[in-house]
Amino acid sequence: MNSEIINIYNVCKHIADNKHSTEVNDLLIEELSELIKAVIKLERWNNEETTLRYNIDEIYNNLYEELGDVIIMILQFIYKNEINYNELIEKISAKLIRYYETI
């Protein structure tokens, strides 16, 4: 693992140590809803909706910000709720194999 990944994990772990699991869970839900809004704006842009009041740079800036927030909260969620990382990776791998087999 490179040092940036280790630092991200350690920082997220430290932040989560200072929160109750309910707070982490609630914040994850909130950040997921913000990501949904950012994705909807991108979809509206892609559909050339004329009432959209954002330019593509603003849309991508918002999308990156919300993706970052969600990833940070997912890392805290995994740690705070004692999610077994190896089991999670096994599930992800199995899903990726199934998705790959469908293409």
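Computed from a predicted structure; not experimentally measured. Positions are given from 1, in the same order as the sequence printed here.
- No continuous path of hydrophobic side-chain contacts links I15 to V70 [ILVMFWY only; heavy atoms under 4.5 Å].
- Using a 4.5 Å heavy-atom threshold, the side chains of E66 and V39 count as separate.
- In the hydrophobic cluster analysis, where Ile, Leu, Val, Met, Phe, Trp and Tyr join through side-chain heavy atoms closer than 4.5 angstrom, L27 is grouped apart from I29.
- Counting only distance, with no hydrogens or angles, the side chain of N81 and the backbone of F77 share a donor-acceptor pair below 3.5 Å.
- Checking N84, L88, V24 one by one against I78, the side chain to side chain contact (heavy atoms under 4.5 Å, CB included) holds for a single residue, L88.
- Under a hydrophobic-cluster definition in which Ile, Leu, Val, Met, Phe, Trp and Tyr are linked whenever side-chain heavy atoms come within less than 4.5 Å, directly or via other members, Y100 and I89 are assigned to different clusters.
- To the nearest 0.5 Å, the span separating CG on L96 from NZ on K91 amounts to 13.5 Å.
- Side-chain atoms of D69 and L35, non-hydrogen and from C-beta on, never get closer than 4.5 Å to each other.
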For the pair N61 and D57, evaluate side-chain contact (heavy atoms from CB on, under 4.5 Å) and give the outcome as yes or no after the intermediate values.
-> CA-CA 6 Å; N61 184 50; D57 292 335; over 6 Å; no
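- Of all heavy-atom pairs between K80 and H20, the closest is CE-C, 3.9 Å.
- Side-chain contact check for I8 versus I71: every heavy-atom pair is 4.5 Å or farther apart.
- With contacts defined as side-chain heavy-atom distances shorter than 4.5 Å, the pair Q76/I72 qualifies.
- For the atom pair OH (Y54) and CD1 (I59), the distance works out to 8.5 Å, reported to the nearest 0.5 Å.
- With E101 contributing its side chain and R98 its backbone, the two residues share no donor-acceptor pair below 3.5 Å.
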Notebook entry, point to check: Hey, mind stepping through D26 and E23 against side-chain contact (heavy atoms from CB on, under 4.5 Å) and telling me if it holds?
Noted result: CA-CA 5 Å; D26 290 346; E23 183 181 4; 5.8 Å; no
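- Distance CD/E43 to CD1/I36: 13.5 Å, rounded to 0.5 Å.
- Residue R44 holds its CZ atom at 4.5 Å from OG1 of T51, rounded to the nearest 0.5 Å.
- Here N47 contributes atom CG and L42 contributes atom CG; the two are 9.5 Å apart, rounded to the nearest 0.5 Å.
- Taking a 6.0 Å sphere around CD of E82, one finds it holds 12 or fewer heavy atoms contributed by other residues, nucleotides or ligands.
- Here K37 pairs with E34 in a salt bridge; the nearest charged N to carboxylate O distance falls below 4.0 Å.
- Atom CG of L67 is separated from atom OH of Y60 by 11.0 Å, given to the nearest 0.5 angstrom.
- Side-chain atoms of Y79 and D17 include a donor-acceptor pair closer than 3.5 Å.
- Follow the hydrophobic side-chain contacts under 4.5 Å out from Y64 and you never reach I40; the two are in separate clusters.
- Under the 4.5 Å side-chain heavy-atom criterion for Ile, Leu, Val, Met, Phe, Trp and Tyr, L28 and I83 are members of the same hydrophobic cluster.
- Taking each heavy atom of K41 and L52 in turn, the nearest pair found is O-CD2, 3.7 Å.
- Within 6.0 Å of atom CD in E58, more than 12 heavy atoms from other residues, nucleotides or ligands are found, so the atom counts as buried in its surroundings.
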